[in-house]
Undergrad: 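Have a look at the structure that comes next, please.
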Amino acid sequence: MSNEALSITNELFEQGYNAFTGVPCSLLKGLFGILEDKEYVEKKEIIYMPAIREDSALGVAVGMHLGGRKCAILMQNSGLGYSMNVLTSLYSIYQIPALLIISWRGAYENDAVEHDLIGERLLHILDAIKIPYVEFEKERGAASVKACTELIEKNSMPVALLIKEAI
């Protein structure tokens, strides 16, 4: 388990997050490793449900929210395209709170070429659909997460935590 991934997970647990869903990404492998650790998940009473696509993960998260759980959704920034309709026609309209943990592929222009376009424009896309974001800082991991959860609590809307490097 990476220190950064453990810092994120522990802070989320402290903030009452006990449900996770999402689509695997190599930049988020530390988080997925924790969520797939049966002993950790049972000890913390966390629900983790993998998804086949990001928009499906958002649907699962709505169900978890309606069931009384705070849910984080893990996705690659390329999956944001699949998710835009759900985010704008469900989450925004009905003010459904959610933490989107998004890997920012292409942020440093040293990723696979298919990530360049969305990597370059990710912040513009989030701004266009009115989703606030916080860039994860390894040195201040828990503080980055707390900034997101505070925005979520204040606005009852989705907020993105952007991860640029593998954790």
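Excluded from the calculations below are hydrogen atoms, water molecules and symmetry mates; all remaining heavy atoms, backbone and side chain alike, are included.
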Undergrad: With clusters defined by side-chain heavy atoms of hydrophobic residues (ILVMFWY) lying less than 4.5 Å apart, directly or transitively, does Leu28 cluster with Val23?
TA: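 Unlinked, Val23 and Leu28 end up in two clusters.
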Undergrad: Are the side chains of Ile46 and Ile34 in contact, using a 4.5 Å heavy-atom criterion?
TA: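 No; the side chains remain at least 4.5 Å from each other.
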Undergrad: Would you find more than 12 non-hydrogen atoms of other residues, nucleotides or ligands less than 6.0 Å from Lys44 atom NZ?
TA: yes
Undergrad: Which pair of non-hydrogen atoms, one from Glu120 and one from His124, has the smallest distance, and what is that distance?
TA: O-CD2, 4.2 Å
Undergrad: Report yes or no: does Ser89 contribute a side-chain atom to a donor-acceptor pair with the main-chain N or O of Asn85 at less than 3.5 Å?
TA: yes
Undergrad: Is there a side-chain contact between Gln76 and Ile102, using heavy atoms and a 4.5 Å cut-off?
TA: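 Not in contact.
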Undergrad: Under a 4.5 Å cut-off applied to non-hydrogen side-chain atoms, are Tyr17 and Arg69 in contact?
TA: no
Undergrad: Under a 4.5 Å cut-off applied to non-hydrogen side-chain atoms, are Trp104 and Leu27 in contact?
TA: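 Heavy-atom side-chain distance check fails, nothing below 4.5 Å.
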Undergrad: For residues Ile152 and Tyr94: do they belong to one hydrophobic cluster (side chain heavy atoms under 4.5 Å, members Ile, Leu, Val, Met, Phe, Trp, Tyr)?
TA: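 Shared cluster, no.
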Undergrad: Contact between Arg105 and Ser26 at the side-chain level, heavy atoms closer than 4.5 Å - yes or no?
TA: yes
Undergrad: Mind checking whether Met84 and Tyr91 sit in one hydrophobic cluster, side chains of I, L, V, M, F, W, Y counted as touching below 4.5 Å?
TA: yes
Undergrad: Check the hydrophobic clustering (I, L, V, M, F, W, Y; side-chain heavy atoms under 4.5 Å; chains of links allowed) and say if Ile101 and Phe136 are grouped together.
TA: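 As far as the 4.5 Å side-chain criterion goes, Phe136 and Ile101 are connected within one cluster.
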Undergrad: Grab the two heavy atoms, one from Gly119 and one from Asn77, that are nearest each other, plus how far apart they are.
TA: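 Residues Gly119 and Asn77, closest heavy atoms: CA-ND2, 3.7 Å.
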Undergrad: Find the distance between OG (Ser7) and CD (Glu139) and round it off to the nearest 0.5 Å.
TA: 11.0 Å
Undergrad: When rounded to the nearest 0.5 angstrom, what distance separates CG in Leu90 from CG in Asp55?
TA: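 Answer rounded to 0.5 Å: 11.5 Å.
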Undergrad: Mind checking the CG-CG spacing from Leu100 to Leu74? Nearest 0.5 Å is all I need.
TA: 9.5 Å
Undergrad: For the atom pair OH (Tyr82) and OG (Ser56), what is the distance rounded to the nearest 0.5 Å?
TA: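 Answer for the OH-OG pair, Tyr82 versus Ser56, is 10.5 Å.
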Undergrad: What are the two closest non-hydrogen atoms of Met64 and Phe20, and how far apart are they?
TA: CE-O, 4.0 Å
Undergrad: Can you hop from Ile118 to Leu123 via hydrophobic side chains spaced under 4.5 Å?
TA: yes
Undergrad: What distance separates Ile131 CD1 from Ser92 OG, expressed to the nearest 0.5 Å?
TA: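 Nearest 0.5 Å value for the CD1-OG distance: 6.0 Å.
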Undergrad: Report the C-alpha separation of Tyr48 and Asp37 in whole Å, then their side-chain angles, then the decisive distance to 0.1 Å, and conclude whether the side-chain contact (heavy atoms from CB on, under 4.5 Å) test is met.
TA: CA-CA 10 Å; Tyr48 166 57; Asp37 180 337; over 6 Å; no
Undergrad: Can Leu87 and Leu80 be said to form a side-chain contact (heavy atoms from CB on, under 4.5 Å), step by step?
TA: CA-CA 9 Å; Leu87 289 167; Leu80 190 59; 3.8 Å; yes
Undergrad: Under 3.5 Å, is there a donor-acceptor pair between the side chain of Thr21 and the main chain of Met49?
TA: yes
Undergrad: Nearest 0.5 Å, what's the CG-OG distance between Leu58 and Ser83?
TA: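 So the gap between those two atoms works out to 4.5 Å.
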Undergrad: Keeping the roles fixed (side chain from Thr9, backbone from Ala5), state whether a donor-acceptor pair exists under 3.5 Å.
TA: yes
Undergrad: Side chains of residues 155-167: which donor-acceptor partners sit under 3.5 Å, not counting sequence neighbours?
TA:
unit_1 : atom_1 : unit_2 : atom_2 : d
Asn155 : ND2    : Leu151 : O      : 3.4
Ser156 : OG     : Gln95  : O      : 2.9
Lys164 : NZ     : Glu135 : OE1    : 2.9

Undergrad: With side-chain contact (heavy atoms from CB on, under 4.5 Å) as the test, would you mind laying out the steps for Ile8 and Leu31 before giving the verdict?
TA: CA-CA 8 Å; Ile8 289 170; Leu31 284 173; 3.9 Å; yes
Undergrad: Charged N to carboxylate O under 4.0 angstrom, Lys70 versus Glu153?
TA: yes
Undergrad: Within a 6.0 Å radius of atom NZ on Lys154, are there more than 12 heavy atoms belonging to other residues, nucleotides or ligands?
TA: no
Undergrad: I'd like to know if the side chain of Ser144 reaches the main chain of Glu137, judged simply by a donor and an acceptor atom lying under 3.5 Å from each other, with no hydrogens or angles considered.
TA: yes
Undergrad: Please examine the side chains of Leu6 and Tyr40, heavy atoms only from C-beta on, and report whether any two atoms are closer than 4.5 Å.
TA: yes
Undergrad: Within the structure provided, determine whether Leu12 and Val145 are in side-chain contact (heavy-atom separation under 4.5 Å).
TA: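 The answer is yes, as the side chains (C-beta and beyond) meet within the 4.5 Å cut-off.
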Undergrad: Less than 4.5 Å apart, side chain to side chain, heavy atoms only: is that true for Thr88 and Ile93?
TA: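 No, too far: nothing below the 4.5 Å cut-off.
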